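Because the structure is a prediction, the values reported are computed rather than measured.
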Amino acid sequence: MSDGHWFEALADHLGGAYLRYSFTKGTAQEVDALVELTGLAPGMRALDVGCGPGRHARVLAARGVEVVGVDISRRFVELAATDAPEGTSFVVGDARRLAFDAEFDVAYSLCQGGFGLLGGPAADPADPDGGDLAVLAGLRRAVRPGGAVVVSAFNAYFQAAHLDGSTEFDAATGVHHERTEIRDEHGSVAEVDLWTTCWTPRELRLAARSVGLDVEAVHGVTPGRYGSGAPSTDLEEFLLVARRPA
């Protein structure tokens, strides 16, 4: 995600109103699942890529996990850093260019936080599929040998089956495009475009293996109800769990 990524303007407008949206209300449950699936425990370190205003990082910090959050949006990083709990730090950064090297026990990107936002106008025309692979490679590099990498991804089957007048699905790229309205903290409305890359379980496994990750599972999930479960055409997302080889 380079300077001028479309998500930055969206985040600037949303600000703290981001946390009013229903998909953010299941944070504690999503952290429960992350802990259960990875073995994350007090005293360990986690990297939150696409951290937004820091909702997952704050819950993990309350459980004794040290968290570094990275987001492309300066506005979101400022919100995350405001009254941030002890054990957290937040930086502005590009999810494709993570500079960490074997520093964390777990690295994750949830709710399309970087991973999944690199299609559409954010894609490099010379390498349209390379952005998400760069994110996965950076997450792998960030964890210690044996460390876990977890990413959520839009379910291509689900998104293609639930199109309406405001959405489109590009079968060639797997990118879901939505035209919608968002409101800031004061109720001011902005009409925006959202481009999210969608995946199949097979594509997630192949992508993870291509960057040197050992795949543990791809689960079928929905926001606020993460956990172990078979992939399904009826659930909005997949959750990839993989590890850097020990």
Side-chain angles (χ1 to χ4, degrees), residues 1 19 24 26-74 76-117 132-153 204 207-208 211-219 221 226-228 239-246:
M1 291 181 292
L19 296 173
T24 70
T27 304
Q29 191 284 330
E30 291 167 2
V31 169
D32 285 342
L34 183 66
V35 168
E36 181 177 353
L37 292 169
T38 65
L40 195 56
M44 290 183 174
R45 301 187 76 223
L47 176 65
D48 184 341
V49 175
C51 64
R55 62 188 180 101
H56 295 103
R58 289 174 179 269
V59 175
L60 280 172
R63 302 183 185 195
V65 177
E66 182 182 346
V67 187
V68 175
V70 179
D71 202 279
I72 192 68
S73 166
R74 188 171 299 279
F76 275 176
V77 168
E78 290 171 351
L79 287 169
T82 300
D83 299 322
E86 183 178 355
T88 60
S89 59
F90 301 95
V91 296
V92 177
D94 187 324
R96 297 170 305 179
R97 299 181 178 88
L98 300 173
F100 307 101
D101 187 8
E103 300 174 41
F104 299 93
D105 300 287
V106 174
Y108 62 89
S109 181
L110 304 179
C111 194
Q112 288 67 57
F115 184 80
L117 296 183
D132 286 313
L133 293 181
V135 177
L136 279 178
L139 292 170
R140 177 197 181 279
R141 189 170 56 252
V143 296
R144 302 179 178 98
V149 170
V150 179
V151 298
S152 66
L204 287 169
V211 301
L213 286 165
D214 290 338
V215 177
E216 289 191 349
V218 177
H219 301 290
V221 299
Y226 282 5
S228 302
L239 195 68
L240 168 71
V241 183
R243 289 192 182 270
R244 179 174 179 171

> Tell me the closest heavy-atom pair linking P245 and R140, and the distance in Å.
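In terms of heavy atoms, the two residues are closest at CD-NH2, 4.0 Å.
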> Quick one: does R141's side chain have a donor or acceptor within less than 3.5 Å of a partner on D101's backbone?
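Not confirmed, R141 side chain does not pair with D101 backbone.
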> Can you confirm whether L34 sits close enough to H56 that some side-chain heavy atom of one is under 4.5 Å from a side-chain heavy atom of the other?
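No, their side chains stay 4.5 Å or more apart.
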> Do F100 and V70 have side-chain heavy atoms sitting under 4.5 Å apart?
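Yes; the side chains approach each other to less than 4.5 Å.
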> Rounded to the nearest 0.5 Å, what's the gap from CZ on R58 to CZ on F90? Could you check?
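The CZ atom of F90 is 6.0 Å from CZ of R58, to the nearest 0.5 Å.
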> Kindly say whether C111 contributes a backbone atom to a donor-acceptor pair with the side chain of S152 at under 3.5 angstrom?
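Indeed, once roles are kept as given, a pair shorter than 3.5 Å links the two residues.
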> Could you walk me through whether L37 and L239 pass the side-chain contact (heavy atoms from CB on, under 4.5 Å) check?
CA-CA 10 Å; L37 292 169; L239 195 68; 3.7 Å; yes
> Which atom pair, heavy atoms only, marks the closest approach of E103 to R45?
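Smallest interatomic distance, heavy atoms only, reads O-NH1, 2.9 Å.
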> Under 3.5 Å, is there a donor-acceptor pair between the side chain of S109 and the main chain of V151?
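Pair absent, no side-chain N/O of S109 close to backbone of V151.
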> For V241 versus H219, what's the shortest heavy-atom pair and its separation?
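Result for this residue pair: CG2-CD2, 4.0 Å.
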> Which residue, D48, V35, V106, forms the side-chain contact (heavy atoms from CB on, under 4.5 Å) with L60?
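Testing L60 for a side-chain contact (heavy atoms from CB on, under 4.5 Å) against D48, V35, V106 leaves exactly one candidate, V35.
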> Looking at every heavy atom in both V49 and A95, which two are closest together, and how far apart are they?
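Minimum heavy-atom contact is CG1-CB, 3.7 Å.
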> Does the side chain of Y108 reach to within under 4.5 Å of the side chain of V67, using non-hydrogen atoms?
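Yes, side chains in contact.
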> If only atom types and distance count, is the side chain of D132 paired as donor or acceptor with the main-chain N or O of G116 below 3.5 Å?
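Side chain of D132 to backbone of G116, a donor-acceptor pair under 3.5 Å: yes, one is there.
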> Consider salt bridge (charged side-chain N to carboxylate O under 4.0 Å, His left out). Of R144, R244, R243, which one does D105 pass it with?
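The residue from R144, R244, R243 that satisfies salt bridge (charged side-chain N to carboxylate O under 4.0 Å, His left out) with D105 turns out to be R144.
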> Mind listing the closest non-hydrogen atom pair of L136 and A208 along with its distance?
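What the structure gives for the nearest pair is CD1-N, 4.0 Å.
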> I want to check something: taking the side chain as every heavy atom from C-beta on, are V68 and F104 in contact at a cut-off of under 4.5 Å?
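Touching, per the 4.5 Å side-chain cut-off.
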> Please report the closest heavy-atom contact between V143 and A148, naming both atoms and the distance.
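Heavy-atom minimum between the residues: CG1-O, 3.5 Å.
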> Test your reading of the model: is there a side-chain donor-acceptor pair from D71 to the backbone of C51, 3.5 Å cut-off?
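Here the side-chain-to-backbone pair exists.
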> Dump the intermediate steps for side-chain contact (heavy atoms from CB on, under 4.5 Å) on E216 and V150, then the final yes or no.
CA-CA 10 Å; E216 289 191 349; V150 179; over 6 Å; no
> Side chains of Y226 and L110, heavy atoms from C-beta outward: is any pair under 4.5 Å?
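Yes; the side chains approach each other to less than 4.5 Å.
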